[in-house]
Amino acid sequence: MDLIQERQAFVREYLELGNAFPENSEFLKLLTRVSELRPVPGNLRVRDRIILCGDSKTLEAAREKFQAFLSVQAVENLSEFVDLARGYSSVIVFDDTYLGFDLPEDIEPEYFRDISRAELWQVLPEKELAFFLRGIWTASAPA
């Protein structure tokens, strides 16, 4: 019930704001010039980050959620974990299979406890920022 009331209050504020402008308002004329946001390019791929998984369920979930944007790899032992991790500047893990071992000092994986709670922007901030970067590239391109 609290959530419903919160959403109603949120919508009510925008309705009041919309009703505050007369129909022939300059604001409404300006709104007609607003265009839809262009989607982030589908070819966004991060090559310096990898997700390593020692658990098959986590691997499957990680591939489904993130493989379109970055490498997701299964590891069967600590040696393989270390070898793969050294090939990337950033390593992400969602299961603690190999985190209980002493990892070399040059390997500091970022650990997320629950892959189902990991938001795309947490693992892949480039996807969120790509829209703004594209705007900068477009604005700075010679005419």
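Along the sequence shown, residues carry numbers from 1.
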- Item | Verdict with reasoning, V93 to I51, per side-chain contact (heavy atoms from CB on, under 4.5 Å) | CA-CA 6 Å; V93 294; I51 296 175; over 6 Å; no
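- Within the 4.5 Å cutoff, the side chain of R7 has no heavy atoms near those of the V11 side chain.
- Of the possible donor and acceptor atoms, one in the side chain of D55 sits under 3.5 Å from a partner among the backbone N and O of T58.
- What you find for Y98 and L78 is that their closest heavy atoms are CE2-N, 3.4 Å.
- In this structure, Q122 and E119 approach most closely via the heavy-atom pair OE1-N, 2.7 Å.
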- Task: Starting from the C-alpha separation in whole Å, work towards a yes-or-no answer on side-chain contact (heavy atoms from CB on, under 4.5 Å) for D2 and I4.
- Result: CA-CA 5 Å; D2 290 339; I4 291 171; over 6 Å; no
Please list, one pair per line, the donor and acceptor atoms closer than 3.5 Å that link side chains of residues 59-76 to other protein atoms, with sequence neighbours excluded.
from : atom 1 : to   : atom 2 : distance (Å)
K65  : NZ     : I115 : O      : 3.0
K65  : NZ     : A118 : O      : 2.5

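- Put simply, CG on D95 and CG on D114 are 11.5 Å apart, with the number rounded to the nearest 0.5 Å.
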Could you list the donor-acceptor pairs under 3.5 angstrom formed by side chains in residues 103-113, with sequence neighbours left out?
from : atom 1 : to  : atom 2 : distance (Å)
D106 : OD1    : R86 : NH2    : 3.3
D106 : OD2    : R86 : NE     : 2.9

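- Between the side chain of R49 and the backbone N or O of V123, at least one donor-acceptor pair lies under 3.5 Å.
- Linking ILVMFWY residues whenever their side-chain heavy atoms come closer than 4.5 Å, directly or via other members, places L52 and Y88 in the same cluster.
- No side-chain heavy atom of T32 sits under 4.5 Å from any side-chain heavy atom of V34.
- Between atom CD1 of residue I92 and atom CG of residue L124 there is a gap of 8.0 Å, rounded to the nearest 0.5 Å.
- Residues V46 and W121 do not share a hydrophobic cluster, clusters being chains of Ile/Leu/Val/Met/Phe/Trp/Tyr side chains in contact below 4.5 Å.
- Put simply, CZ on F101 and CG on D96 are 10.5 Å apart, with the number rounded to the nearest 0.5 Å.
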